[in-house]
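Below: the structure, in structure tokens.
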There are 2 protein chains.
Amino acid sequence: MAIKLKDVARQSGYSITTVSRALAGYSDVNEQTRRHIIEVASSLGYQPNLPARQLRIRRTNSLGLVIPARDHSYSNEFFSQLLMGIGDAAAQSGYDLLISAQAPGEAEMACYRRMVGGNLVDGVILVRTRRHDERIAYLSQQQIPFMVFGRAAPGEPCNFSFIDIDSQAAIRALVDHFTGLGHRRIGLILPPEEMAFTPYRLAGYQEGLENAGLPYDPARVVTGDLLRSGGEQGARILLDRDPKITAIIACNDLMALGAMRAIESLNLQVGRDIAVAGYDDIPAAEYAYPSLTTIHQPIYEIGQRLVTLLLDQIEGRNSAHSAVFLPYTLVVRASSGAPRQEGGAQPESS
Amino acid sequence: MAIKLKDVARQSGYSITTVSRALAGYSDVNEQTRRHIIEVASSLGYQPNLPARQLRIRRTNSLGLVIPARDHSYSNEFFSQLLMGIGDAAAQSGYDLLISAQAPGEAEMACYRRMVGGNLVDGVILVRTRRHDERIAYLSQQQIPFMVFGRAAPGEPCNFSFIDIDSQAAIRALVDHFTGLGHRRIGLILPPEEMAFTPYRLAGYQEGLENAGLPYDPARVVTGDLLRSGGEQGARILLDRDPKITAIIACNDLMALGAMRAIESLNLQVGRDIAVAGYDDIPAAEYAYPSLTTIHQPIYEIGQRLVTLLLDQIEGRNSAHSAVFLPYTLVVRASSGAPRQEGGAQPESS
DNA sequence: GTGAAAGCGCTAACAC
DNA sequence: GTGTTAGCGCTTTCAC
């Protein structure tokens with residue numbers, strides 16, 4: 001049997017109450033007494049039973065996080081980096097992480113209900129907002145503190161605290177970059193429809209084209225599944241529709257790698273024949289194909305800030321909704337060369 | 001106030017006891033009654049208070065995992081891959097993960113004591129065994145189910161359940177590979193002393209040399225910190241001691257990348273002037289420098305199996321200690337070419 | 001097949 | 001400063 005408060009009480013000659021207060025650091029305990037009690041407790045190797053405490057005080061000192069199960073994982077690298085930021089910040093403030101891997105769907109919602117309704121966590125971090133996000137609706141309704149990475153889709157109410165990157169500006173910057181180099185036929189591989197950030201990225205693409213006086217052609221835009229395979233298929237479709245495309249922007253790095261594979265399999269050379277750009281997902285940029293232009297997001301830092309802001313809510317330091325936007329970085333590598341063919345002057349026809 | 005058993009009882013007209021049993025799926029409840037109770041419970045949105053249940057039944061349905069804090073993180077990629085395997089397998093069996101990020105040291109031990117002694121977890125997964133591992137000693141003594149990735153150091157008792165890779169054979173295979181290509185001056189960058197697997201890797205290196213009839217020269221061996229910087233420094237030292245080295249084996253991929261950087265900074269070419277090999281840490285091999293020869297471990301699968309075996313212990317399916325060895329794969333890429341210089345026939349002198 | 005009651009280990013009124 | 005006591009919400013004898 002484990003040592004409990006009662007044992008420390010008996011051994012030290014004080015009551016359970018006094019022992020509890022002494023150990024909790026309350027001020028109304030004689031210093032003498034406290035020292036003695038602490039002494040006894042540590043000599044007995046006392047460890048408080050945490051579920052009992054949690055039941056009593058309705059706090060757990062843990063944060064909930066539901067990550068996508070592998071089969072549906074859009075990008076491991078992204079989540080691991082985020083997780084490290086969240087984990088480090090949480091641990092530094094004395095919080096544990098309660099994690100469950102679930103694919104979107106009913107089991108995922110049940111997981112949130114269990115964590116939140118079951119009093120397992122003091123707050124929740126939610127990643128990758130979806131359109132009409134059921135999870136956010138649930139958390140708001142439960143009035144539990146939570147922080148979100150990613151604002152709501154355009155037109156939807158965004159009455160919750162979040163951190164986001166201006167992905168619209170980021171994609172626009174990529175397009176500007178390419179048009180600046182003379183590219184005029186630029187393809188885009190979008191994330192799935194249901195992701196809240198997808199419309200922002202499309203908007204950024206359109207703005208970039210407009211900046212350069214280029215027309216928007218829906219045939220240059222496809223949707224991928226955020227996996228390598230999605231990028232590969234997407235690039236195939238784009239090049240099939242228009243073999244004269246000179247640059248492809250994928251909305252995450254994994255799809256960009258897939259696009260590169262497709263390009264190579266067509267016996268074209270990435271960076272010479274066709275430029276490719278990605279977006280964040282592989283923060284360890286050093287490992288990535290050096291010919292990939294990409295948008296870098298400070299994912300680790302985002303994880304840390306999510307925790308900081310969440311703890312502000314939990315510990316009552318700030319009740320207002322916060323909307324934080326972090327800066328991105330355009331990382332240009334070898335692949336963003338000028339387009340290969342007939343100059344860039346003449347307007348294109350569809 | 002959240003709905004509790006009492007509310008469901010009142011609303012359904014049955015006692016708390018019966019409601020509890022009906023919901024728990026006990027057989028001694030009238031089917032009629034059960035249906036009615038379940039109906040009422042779900043209409044009220046009942047969610048059991050988990051800390052209360054945990055207190056009562058002394059089970060939490062979660063598994064503990066302490067990961068290294070970033071500053072001390074040897075390799076994020078490695079841990080994220082492992083985490084995904086662990087997370088998926090745990091979720092599939094209805095377990096959550098309780099995670100804390102801690103650097104080795106006193107706070108780390110306190111974390112284990114809190115999780116285990118505080119009744120927060122039903123079992124623990126421990127990664128990267130150390131020499132005289134205090135964590136393992138603690139867990140054994142507490143008699144809590146736990147699984148370890150990595151056996152004990154040679155000569156130390158290994159009376160706990162673990163999964164491991166035969167890293168001795170793996171390093172030997174790398175050396176065999178290089179000597180087979182004609183390399184005769186092969187450097188080795190070892191992991192830190194305190195890691196339990198370090199001696200196995202050194203032994204594999206020595207065996208490989210012996211296989212080829214080459215002498216073992218301690219000057220060809222250095223220790224790194226498992227980070228990129230450690231590999232860079234290590235390679236510098238090795239090349240400083242003997243500029244004629246034609247191959248370097250780093251004991252993880254990150255150090256291998258560091259070694260490559262050092263080589264390039266000396267205006268040598270990896271794969272032509274000097275061959276480089278790594279070991280596991282970056283499972284997403286596709287992203288890695290294509291000129292890296294490496295040993296691949298099935299890290300995701302190891303994570304899954306760790307959970308499977310841990311649950312066997314927790315749920316009483318198997319009480320015996322298990323020692324599982326999983327196979328590695330030698331992945332040969334561009335860099336393992338033949339040595340650059342004066343042929344491979346003459347024996348080397350130190 | 002169902003209910004009354006005890007108790008898991010802790011914290012927090014409240015009394016002294 | 002310290003002790004008595006109630007009770008957090010659940011499961012589980014035990015009685016009927």
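All values below come from the heavy atoms of this structure, side chains included, with hydrogens, waters and symmetry mates left out. Sequence lines set the chain letters: A, B, ... in the order given, protein chains first and strands last, and positions in each chain run from 1.
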Check: residues 21-32 of chain B side-chain donor-acceptor pairs under 3.5 Å, at least two apart:
unit_1: B/Asn30; atom_1: OD1; unit_2: B/Gln32; atom_2: N; d: 2.7
unit_1: B/Glu31; atom_1: OE2; unit_2: B/Arg34; atom_2: NH1; d: 2.8
unit_1: B/Gln32; atom_1: OE1; unit_2: B/Arg35; atom_2: NH2; d: 3.3

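- Mapping B/Arg21 and A/Asp28 onto DNA chain D via the closest heavy atom, the residue that lands nearer the 5' end is A/Asp28.
- Close approach of DNA chain C to chain A, defined as any atom under 4.0 Å from a non-hydrogen atom of the protein, starts and stops at C/dG9 to C/dC14.
- Looking at heavy-atom distances under 4.0 Å, A/Asn30 makes contact with sugar-phosphate atoms alone, never a base.
- For DNA chain C, the neighbouring residues in residues 41-61 of chain B, judged by any heavy atom under 4.0 Å, are B/Leu55, B/Arg56, B/Arg58.
- Remark: A/Arg53 engages no residue in a salt bridge (charged side-chain N to carboxylate O under 4.0 Å, His left out) (not counting sequence neighbours).
- Judged by distance alone, with hydrogens and angles left aside, the side-chain atoms of A/Ser12 form a donor-acceptor pair with the main-chain N or O of A/Ala9 at under 3.5 Å.
- Of all heavy-atom pairs spanning A/Pro51 and B/Leu55, the tightest one is CB-N, 4.0 Å.
- A search for salt bridge (charged side-chain N to carboxylate O under 4.0 Å, His left out) contacts involving A/Arg131 returns A/Glu193, not counting sequence neighbours.
- The shortest non-hydrogen separation linking A/Val127 to A/Arg135 is O-NH1, 3.6 Å.
- With a 6.0 Å cutoff to the six-membered ring centre and a 45° limit on the axis angle, A/Arg128 does not count as a cation-pi contact of A/Phe197.
- For residues 110-126 of chain A, the side-chain hydrogen bond (donor to acceptor under 3.5 Å, both in side chains) pairs, not counting sequence neighbours, are A/Arg59-A/Asp122, A/Thr60-A/Asp122, A/Glu106-A/Arg113, A/Arg114-B/Asp96.
- Axis orientation changes by 40° from one end of the helix from C/dG1-D/dC16 to C/dC16-D/dG1 to the other, with each end axis drawn from 5 pairs and the value rounded to 10°.
- At most 12 heavy atoms of other shown residues, nucleotides or ligands fall within 6.0 angstrom of atom CD in A/Glu39.
- Legend: side-chain hydrogen bond (donor to acceptor under 3.5 Å, both in side chains) pairs involving residues 303-315 of chain B, not counting sequence neighbours, sorted by first then second residue: B/Tyr95-B/Glu315, B/Asp312-B/Arg317, B/Glu315-B/Arg317.
- Annotation: proximity of residues 3-19 of chain B to DNA chain D (heavy atom, distance under 4.0 Å) is found for B/Lys4, B/Leu5, B/Ile16, B/Thr17, numbered in ascending order.
- Legend: residues meeting salt bridge (charged side-chain N to carboxylate O under 4.0 Å, His left out) with B/Arg10, ordered by chain and number and at least two apart, are B/Asp7.
- Chain A approaches DNA chain D within less than 4.0 angstrom (heavy atoms of the protein), and the contacting nucleotides run 5' to 3' from D/dG1 to D/dG9.
- Between B/Phe162 and B/Phe325, a ring centre-to-centre spacing shorter than 6.0 Å is recorded.
- A/Ile302 places a side-chain heavy atom less than 4.5 Å from the side chain of A/Leu82.
- With sequence neighbours excluded, no residue forms a side chain to side chain donor-acceptor pair (under 3.5 Å) with A/Ser42.
- With 3.5 Å as the limit, one finds no donor-acceptor pair spanning the side chains of A/Ser20 and A/Thr17.
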